[in-house]
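We use all heavy atoms of the structure for the numbers below, so side chains are in, but hydrogens, waters and symmetry mates are not. Because the structure is a prediction, the values reported are computed rather than measured. The first residue of the sequence shown is numbered 1, and numbering continues consecutively from there.
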Amino acid sequence: MKKLFYLIILSIFLSSCGKQHNQPFQGDLSDYPILKRVLDSADKYQVQILYSKIDRNEHGVPMFDTHEFNLDDERYFYPASTVKLPVAILALEWLEEQDVDNLDMNSIMLIDSVRPSQVPAYVDKSSKDSLPSIAHYIKKILLVSDNDAYNRLYELLGQDYINQKLAEKGLNHTLINHRLSFPANEIENRYFNPIKFVDKSGNIILELPERESKAIYSNPEKPIIGRAYYSGDSLINAGMEFTFKNKFALSDLHGVIQRIVFPQAFLEPERFQLNEEHRKFILKYMSMLPRESDFPSYQGEEYYDSYSKFFKFGTDKKPIPEQFRIFNKTGWAYGHLIDGSYFADFENNVEFIVSAIIYVNNDETLNDDQYEYDEIGLPFFTELGEYLYQMELKRKKGINPDWSDLKLIYINN
């Protein structure tokens, strides 16, 4: 029965991925053993996949042919660092709305604190001038998924702005309501630090007082994950509740990738309202590799090319060939691995969008650091990305992509 179930699931997935029948699997999964294992146990691994083939019309506008596997926007998973992408984008949208003289993404951003749960930020030694800014925080978020950088933009925008803006754009399965890796409860996360933007002479450009969200952004279904979890050194023999944790459904992550890479494919109200300079800035750092950055600098072995590029390259620490650029955001926490990516091979005119989530926590205990990220999670993304890439290599297209919008310069950053 298991084998029959797997073959049914696989045939549905393969048939949904295109009308051609020259996919590399053809029922033989010997080259993709982890992909087979995960698809064969889709419920155990809580796997969800969204894949968009892209064809261009005569004007170069993309047409998406999107297929899903096991998608369920109502099934909660912890989105981890993927929430940083929409917050980074919205920080630039907020900036454009201010329309304040001398205020731009490189303006010095000084964060104060007025509550015991808040931490100030007056310097950032990883920047060229040791000063914090919206631009520098975005770089750190998109290059290596820096938690503090995300927290600072969360403190700038606040819960109301973030959640209302995403809902306006049709991203209706998302809640962003807390800082990351920061000891603040749900009440403290509704208060946002006072902030000043100043020029290089110290003159105030814009000043924001402490703000508070009166609305309560929570998951009404009160999701529970796991059978036990560690709180400090104590083992709690019950599942962990995620009522006041972020939510970011896979379809919304996929939608954010589509909107930032291909805004012209969406109606005006559904787009991020960014000028082209700001949009290119986001795309540059979504696709830049850590070793390509000067400020901040990530030159150590820890930050290998696939540090945050899971599809196709997730298990390989070798340099990613120059023909590839992956515009993406990943996340991993509590046994969840997530990646939403626009994948481009400039040499072979291959492009597609893929997003996936997998849960690898065999003992169902959270915070014990016993997750199968290396054994199952990253190999799954590597094999899925390779499968889709091989399929796209063989797929015939009428019009090749126009890469002029996406071939970016990655030096002098």
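Looking at Lys53 and Glu392, no side-chain N of the basic residue comes within less than 4.0 Å of a carboxylate O on the acidic one, giving no salt bridge. A salt bridge does not link Arg115 with Glu212: every distance from a Lys NZ or Arg NE/NH1/NH2 to an Asp or Glu carboxylate oxygen is 4.0 Å or more. For the pair Asp146 and Arg152, the salt-bridge criterion is not met [side-chain N within less than 4.0 Å of a carboxylate O]. With respect to Arg211 and Asp160, no salt bridge is recorded, no charged nitrogen being found less than 4.0 Å from a carboxylate O. Between Glu93 and Lys169 there is a salt bridge, since a side-chain N of the basic residue sits under 4.0 Å from a carboxylate O of the acidic one. Electrostatic pairing of Asp405 and Lys280 counts as a salt bridge here, judged by a charged N lying under 4.0 Å from a carboxylate O.
Proximity of a side-chain donor or acceptor of Ser107 to a complementary backbone N or O of Asp104 within less than 3.5 Å is detected. In this structure, the side chain of Glu210 does not engage the main chain of Tyr191 through any donor-acceptor pair within 3.5 Å. Side-chain atoms of Arg56 never come within 3.5 Å of backbone atoms of Ile399 as a donor-acceptor pair (strictly under, hydrogens ignored). At distances below 3.5 Å, at least one donor-acceptor pair connects side-chain atoms of Ser287 with backbone N or O atoms of Lys284. The backbone N or O of Ser145 lies less than 3.5 Å from a partner atom in the side chain of Lys84, making a donor-acceptor pair. For the pair Asn328 (side chain) and Ser308 (backbone), a donor-acceptor distance under 3.5 Å is present. Distance alone, capped at 3.5 Å, is enough to place a donor-acceptor pair between the Asp252 side chain and the His173 backbone. Judged by distance alone, with hydrogens and angles left aside, the side-chain atoms of Asn361 form no donor-acceptor pair with the main-chain N or O of His336 at under 3.5 Å. Judged purely by atom type and a 3.5 angstrom limit, Arg190 has no side-chain atom pairing as donor or acceptor with the backbone of Gly158. Between the Ser213 side chain and the Gln159 main chain, no donor and acceptor come within less than 3.5 Å of each other.
Tyr304 and Tyr307 have perpendicular rings, their planes meeting at more than 60° on a 0 to 90° scale where under 30° would count as parallel. A tilted orientation is assigned to the rings of His67 and Tyr51, their planes being inclined by 30° to 60°.
More than 12 non-hydrogen atoms from other residues, nucleotides or ligands lie less than 6.0 angstrom from CZ of Arg75. Within a 6.0 Å radius of CD in Glu322, no more than 12 heavy atoms belonging to other residues, nucleotides or ligands are found. For Asn185, the CG atom is densely surrounded, since the number of other residues' heavy atoms within 6.0 Å is greater than 12. No more than 12 heavy atoms of other residues, nucleotides or ligands shown are found within 6.0 angstrom of NZ on Lys128.
Taking each heavy atom of Val47 and Asn70 in turn, the nearest pair found is O-ND2, 2.8 Å. A pairwise comparison of heavy atoms in Leu171 and Val256 identifies CD1-CG2, 3.7 Å as the closest pair. Listed here is the closest heavy atom pair of Ser133 and Met109: CA-CB, 4.0 Å. The shortest non-hydrogen separation linking Leu153 to Ala88 is CD1-CA, 4.1 Å.
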* Please walk me through it: do Thr365 and Leu235 pass side-chain contact (heavy atoms from CB on, under 4.5 Å)? -> CA-CA 9 Å; Thr365 300; Leu235 178 63; 4.2 Å; yes
* To do: Could you walk me through whether Asn147 and Ser81 pass side-chain contact (heavy atoms from CB on, under 4.5 Å), step by step?
  => CA-CA 8 Å; Asn147 285 331; Ser81 293; 4.2 Å; yes
* Going through the checks in order, is the side-chain contact (heavy atoms from CB on, under 4.5 Å) test met by Leu408 and Phe327? -> CA-CA 11 Å; Leu408 306 171; Phe327 302 75; 4.2 Å; yes
* To do: Please report the C-alpha distance between Arg37 and Glu383 in whole Å, then the side-chain angles of each, then the deciding distance to 0.1 Å, and finally whether the salt bridge (charged side-chain N to carboxylate O under 4.0 Å, His left out) criterion is met.
  => CA-CA 11 Å; Arg37 178 174 174 177; Glu383 292 184 11; over 6 Å; no
* **Pair Asn362-Glu372, side-chain contact (heavy atoms from CB on, under 4.5 Å): steps then yes or no** => CA-CA 7 Å; Asn362 192 55; Glu372 296 77 47; 3.6 Å; yes
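The aromatic ring centres of Phe77 and Tyr334 sit 6.0 Å or more apart. Between Trp332 and Tyr371, a ring centre-to-centre spacing not shorter than 6.0 Å is recorded. Here the two rings, on Phe192 and Tyr154, have centers that are under 6.0 Å apart. Taking the six-membered ring where the residue is Trp, the centroids of Tyr78 and Phe242 are separated by under 6.0 Å.
Gln258 and Tyr342 share no donor-acceptor pair across their side chains, judged by distance under 3.5 Å alone. Side-chain atoms of Gln390 and Glu386 form a donor-acceptor pair, as typed in the model, at a separation below 3.5 Å. For the residue pair Asn177 and Lys247, no side-chain donor N or O sits within less than 3.5 Å of a side-chain acceptor on the partner. Of the N and O atoms on the side chains of Asp148 and Tyr137, not one donor lies less than 3.5 Å from an acceptor on the other residue. In this model, a donor atom of one side chain and an acceptor atom of the other lie less than 3.5 Å apart for Tyr389 and Asp345. Between Tyr359 and Gln48, the side chains place no donor N or O within less than 3.5 Å of an acceptor N or O (distance only, hydrogens not considered).
Side-chain contact between Val360 and Tyr373 is present, with at least one heavy-atom pair separated by less than 4.5 Å.
For the salt bridge (Lys or Arg N to Asp or Glu O under 4.0 Å) criterion with Asp305, the lone passing option out of Arg291, Lys318, Lys312, Arg325 is Arg291. Phe343 pairs with exactly one of Phe352, Phe381, Phe311, Phe310 by the ring pair (Phe, Tyr, Trp, His ring centres under 6.0 Å) rule, that one being Phe352.
Note that Arg259 lies in the cation-pi zone of Phe266, set by a 6.0 Å cut-off to the ring centre and a 45° limit from the axis.
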